[in-house]
*Asks:* 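Have a look at this one.
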Amino acid sequence: MIWADIVGNGWDAIRSHKLRSMLTALGILIGIAAVVLTVGLGQGAQQQVSQQLSALGGNLLIISPGSSTSNGVRAGFGSASTLTTADATALSSKVGAPDISAVAPIVQSNSQSLINGSTNWTTTVVGTTPSWLSVRGRTLSAGRFITTADEANAAAVTVLASDTASELFGFLNPVGQTVTINSVPYEVVGVLASTGSDSSQNLDDQAIVPLSTASQRVVGGSTRTSVQTIYVKATSPTRLTGAYQEANTILSYRHGITTTASADFSITTQQSVISTTSSVDSTLTTLLIGVAALSLIVGGIGVMNIMLVSVKERTREIGLRKALGGTPATIRKQFLAEASMLGLTGGLLGVASGVGAALILPRFITNPVAISVPWILIAIATAIAIGVGFGVYPAARAAKLSPIDALRGE
């Protein structure tokens with residue numbers, strides 16, 4: 001028999017027992033669908049994290065102040081006021097920091113009310129320097145950003161994020177209009193382009209003002225020089241490690257830090273966040289794929305069971321084929337082809353179900369689901385391998401039957 005005959009006979013055997021064949025393929029279908037969907041959820045989560053981190057600005061280092069202690073209890077990094085504008089100036093001076101391209105210190109006040117006529121909106125007011133725009137990788141949709149002159153004069157100007165501008169002005173162009181913050185009128189000089197959210201806040205809902213203005217009128221008095229965070233941009237992704245070491249050295253020298261344990265600041269890199277998140281996602285994806293693999297094993301056992309039943313039912317057919325010159329190898333190929341087609345059928349239906357779920361599921365959840373073509377091909381190959389692997393024993397039993405004993409069988 002040629003392979004076309006073998007495959008054709010196998011397909012005829014499957015079609016002659018449609019319900020039984022579908023129930024047999026169901027276990028493989030569920031396992032393959034679970035694998036496709038699980039991998040899609042894992043890759044979608046990783047893509048979402050990468051997009052959120054890119055919204056923070058390329059090649060970014062985030063420097064936070066040290067911890068404060070109250071009644072013997074440490075509040076954690078970020079609770080103290082150990083970073084100053086002088087620290088930011090030192091980092092941006094290029095002396096001993098060739099891998100640092102730009103620095104943006106910030107202070108911010110949450111839950112500030114912005115008023116435009118009878119409309120008000122509560123948002124976060126961020127005080128920073130002109131370099132913030134490039135450090136954070138943001139762009140403008142209208143107007144301009146704050147300038148060095150605005151910073152030097154503590155000007156009452158603001159740049160609104162897209163959601164904030166929409167809430168206060170609707171469809172009107174806010175550039176040139178006035179909003180009130182803490183009873184002080186601020187001129188809107190620009191609007192930021194939309195960029196989405198990161199893990200902690202909506203980046204499209206904030207108001208940017210000069211650092212000096214925020215220090216004097218929003219978060220503190222005119223002598224306030226501390227900052228809450230310093231963003232540092234490396235010259236390139238390959239120089240991020242160098243920028244980290246340079247920032248750590250400069251701040252340790254300025255703060256008199258001699259040991260890591262005594263550091264009153266912390267430096268976080270995007271790479272560390274990406275590595276941690278990817279590790280968690282990979283672990284969860286591996287765990288879920290393992291659960292899906294159990295379903296595939298159950299499906300494979302179902303294939304073996306049905307193939308053994310098929311061998312029993314077709315004992316006389318096997319004896320007749322052998323009596324007419326069929327070799328054990330031919331009989332073995334016949335049943336392996338049938339088993340592999342059961343696996344392929346379950347695999348194709350499983351891929352279709354998984355892809356369909358990947359297209360529908362994002363309508364009901366916030367996480368994206370990625371469709372991975374390589375994993376789809378791997379899933380189909382795995383389904384065929386499951387069919388063949390669990391079909392070996394039934395095929396071997398069929399091939400070993402004696403023609404005389406088989407022809408006597410009922």
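Numbers here are sequence positions counted from 1.
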*Asks:* Is it true that, when you exclude R397 itself, more than 12 heavy atoms of the residues, nucleotides or ligands shown sit nearer than 6.0 Å to its CZ?
*Replies:*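 At most 12 heavy atoms, drawn from other residues, nucleotides or ligands, come within 6.0 Å of this atom.
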*Asks:* Where is the tightest heavy-atom contact between V107 and S215, given as atom of each residue plus distance?
*Replies:*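 Closest approach of V107 to S215: CG2-OG, 4.4 Å.
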*Asks:* For Q206 versus V126, what's the shortest heavy-atom pair and its separation?
*Replies:*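 Heavy atoms of Q206 and V126 come nearest at OE1-CG2, 3.5 Å.
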*Asks:* Less than 4.5 Å apart, side chain to side chain, heavy atoms only: is that true for E246 and P98?
*Replies:*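 Counting from C-beta outward, E246 and P98 do come under 4.5 Å.
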*Asks:* Take V179 and L168, measure what side-chain contact (heavy atoms from CB on, under 4.5 Å) needs, and give me the verdict at the end.
*Replies:* CA-CA 9 Å; V179 296; L168 289 171; 4.0 Å; yes
*Asks:* Mind running side-chain contact (heavy atoms from CB on, under 4.5 Å) on K18 and S21 for me, showing each step along the way?
*Replies:* CA-CA 5 Å; K18 294 183 178 65; S21 299; 5.8 Å; no
*Asks:* Can you tell if the side chain of M307 reaches within under 4.5 Å of the side chain of V303, non-hydrogen atoms only?
*Replies:*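 The answer is yes, as the side chains (C-beta and beyond) meet within the 4.5 Å cut-off.
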*Asks:* What distance do I115 atom CD1 and N182 atom CG have between them, rounded to the nearest 0.5 Å?
*Replies:*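 If we round to the nearest 0.5 Å, I115:CD1 and N182:CG are 9.5 Å apart.
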*Asks:* Answer yes or no: is there a side-chain heavy-atom contact under 4.5 Å between L114 and T180?
*Replies:*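 Of all side-chain heavy-atom pairs linking T180 with L114, none is under 4.5 Å.
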*Asks:* Could you tell me whether a side-chain N or O of T213 sits under 3.5 Å from a main-chain N or O of V209, the two making a donor and an acceptor?
*Replies:*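 No, because the side chain of T213 does not come within donor-acceptor range (under 3.5 Å) of the backbone of V209.
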*Asks:* What's the verdict on side-chain hydrogen bond (donor to acceptor under 3.5 Å, both in side chains) for W121 and N116, showing C-alpha distance, side-chain angles and the deciding distance?
*Replies:* CA-CA 9 Å; W121 180 252; N116 170 39; over 6 Å; no
*Asks:* Minimum heavy-atom separation for S212 and A154, please, with both atom names.
*Replies:*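 Shortest heavy-atom separation between S212 and A154 comes out as OG-CA, 3.3 Å.
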*Asks:* If every non-hydrogen atom of S101 is compared with every non-hydrogen atom of A234, which pair is closest and at what distance?
*Replies:*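 Nearest pair, atom of S101 first, then A234: OG-O, 3.5 Å.
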*Asks:* Quick one: do L29 and S353 satisfy side-chain contact (heavy atoms from CB on, under 4.5 Å)? Show the steps, please.
*Replies:* CA-CA 8 Å; L29 183 156; S353 301; 4.0 Å; yes
*Asks:* Of all residues at least two apart in sequence or in a different chain, which pass the salt bridge (Lys or Arg N to Asp or Glu O under 4.0 Å) check with D99?
*Replies:*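 Per chain and number, D99 pairs via salt bridge (Lys or Arg N to Asp or Glu O under 4.0 Å) with R239.
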*Asks:* Any chance you could measure L308, atom CG, to N305, atom CG, to the nearest 0.5 Å?
*Replies:*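 Between L308 CG and N305 CG, I get 6.5 Å after rounding to 0.5 Å.
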*Asks:* With respect to N110, which candidate in T122, T124, T123 satisfies the side chain to side chain donor-acceptor pair (under 3.5 Å) definition?
*Replies:*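 The passing option is T124.
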*Asks:* If you measure from CG on L26 to OG1 on T345, what distance do you get to the nearest 0.5 Å?
*Replies:*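 Rounded to the nearest 0.5 Å, the CG-OG1 separation comes out at 12.5 Å.
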*Asks:* With a 4.5 Å limit on heavy-atom distance, are the side chains of T268 and L61 in contact?
*Replies:*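 They are not in contact (no side-chain heavy atoms under 4.5 Å apart), so the answer is no.
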*Asks:* Is it true that a side-chain atom of D150 and a backbone atom of T147 form a donor plus acceptor pair closer than 3.5 Å?
*Replies:*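 Yes; at least one donor-acceptor contact below 3.5 Å.
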*Asks:* If we ignore angles and hydrogens, is there a donor and acceptor under 3.5 Å between the side chains of E167 and T164?
*Replies:*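 There is no such pair between these side chains.
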*Asks:* Hey, are the side chains of L211 and I106 touching, using non-hydrogen atoms and a 4.5 Å cut-off?
*Replies:*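 The answer is no; the side chains never approach within 4.5 Å.
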*Asks:* Would you indicate whether the side-chain heavy atoms of T128 and I146 approach each other to under 4.5 Å?
*Replies:*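 When only atoms from C-beta onward are counted, T128 and I146 do touch, with a gap below 4.5 Å.
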*Asks:* So, for V351 and A379, which heavy atoms are closest and what is the spacing to 0.1 Å?
*Replies:*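 What the structure gives for the nearest pair is CG2-CB, 4.4 Å.
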*Asks:* OH of Y231 to OG1 of T129: how many Å apart, nearest 0.5 Å?
*Replies:*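 Taking OH in Y231 and OG1 in T129, the distance rounds to 12.0 Å.
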*Asks:* Run T330 and T327 through side-chain hydrogen bond (donor to acceptor under 3.5 Å, both in side chains) and show every step you take.
*Replies:* CA-CA 5 Å; T330 301; T327 64; 2.9 Å; yes
*Asks:* Is D204 salt-bridged to R138, cutoff N-O under 4.0 Å?
*Replies:*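 Answer for the salt bridge query: yes.
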*Asks:* How are the rings of H255 and F265 set relative to one another: parallel (under 30°), tilted (30 to 60°) or perpendicular (over 60°)?
*Replies:*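 Ring orientation of H255 relative to F265: perpendicular.
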*Asks:* Can you tell which of I267, T229, I230 makes a side-chain contact (heavy atoms from CB on, under 4.5 Å) with I62?
*Replies:*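 The residue from I267, T229, I230 that satisfies side-chain contact (heavy atoms from CB on, under 4.5 Å) with I62 turns out to be T229.
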*Asks:* Any donor and acceptor pair, going by atom type alone, linking the side chain of K233 with main-chain N or O of V103 inside 3.5 Å?
*Replies:*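 No; judged by distance alone, with no hydrogens or angles, the pair does not exist.
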*Asks:* What residues, two or more places apart in sequence or in another chain, satisfy side-chain contact (heavy atoms from CB on, under 4.5 Å) together with A381?
*Replies:*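 Result, side-chain contact (heavy atoms from CB on, under 4.5 Å) vs A381: none returned.
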*Asks:* Check I208 against F145 and note the closest heavy-atom contact, atom names and distance.
*Replies:*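 Taking I208 first and F145 second, the nearest heavy atoms are CG2-CZ, 3.8 Å.
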*Asks:* Drop me the distance from L240's CG to Q245's CD, to the nearest 0.5 angstrom.
*Replies:*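 Between L240 CG and Q245 CD, I get 10.5 Å after rounding to 0.5 Å.
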*Asks:* Output the distance between atom CD1 (I386) and atom CG (L342), rounded to the nearest 0.5 Å.
*Replies:*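 If I round to the nearest 0.5 Å, the distance is 13.0 Å.
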*Asks:* Would you find a donor on one side and an acceptor on the other, under 3.5 Å apart, between the side chain of S252 and the backbone of T249?
*Replies:*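 Such a contact is absent between S252 side chain and T249 backbone.
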*Asks:* Between E151 (side chain only) and P130 (backbone N and O only), is there a donor and an acceptor less than 3.5 Å apart?
*Replies:*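 No: the side chain of E151 does not pair with the backbone of P130.
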*Asks:* Could you check if a side-chain atom of V36 sits within less than 4.5 angstrom of a side-chain atom of V39, using non-hydrogen atoms only?
*Replies:*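 Side chain of V36 against side chain of V39, heavy atoms only: no contact under 4.5 Å found.
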*Asks:* Applying the side chain to side chain donor-acceptor pair (under 3.5 Å) criterion to S262, which one of T259, D264, T260 satisfies it?
*Replies:*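 Single pass found, and it is T259.
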*Asks:* Dump the intermediate steps for side-chain contact (heavy atoms from CB on, under 4.5 Å) on F335 and V311, then the final yes or no.
*Replies:* CA-CA 8 Å; F335 283 92; V311 170; 3.7 Å; yes
*Asks:* Check whether any side-chain N or O of T158 sits under 3.5 Å from a backbone N or O of V188 as a donor-acceptor pair, and report yes or no.
*Replies:*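 No; judged by distance alone, with no hydrogens or angles, the pair does not exist.
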*Asks:* State, with a plain yes or no, whether a side-chain heavy atom of L91 is found less than 4.5 Å away from one of V232.
*Replies:*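 Yes. Closest side-chain heavy atoms under 4.5 Å.
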*Asks:* With a 3.5 Å distance limit and no angle check, can you tell me whether D205 reaches the backbone of N202 through a side-chain donor-acceptor pair?
*Replies:*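 Checking the backbone N and O of N202 against the side chain of D205, no donor-acceptor pair under 3.5 Å is found.
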*Asks:* Main chain of V35, side chain of T38: is a donor-acceptor contact present, judged purely on distance under 3.5 Å?
*Replies:*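 A pair under 3.5 Å: no.
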*Asks:* Check each of V191, V175, V159, V189 against L140 using the side-chain contact (heavy atoms from CB on, under 4.5 Å) test, and report the only one that passes.
*Replies:*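 Considering V191, V175, V159, V189, a side-chain contact (heavy atoms from CB on, under 4.5 Å) with L140 is found only for V159.
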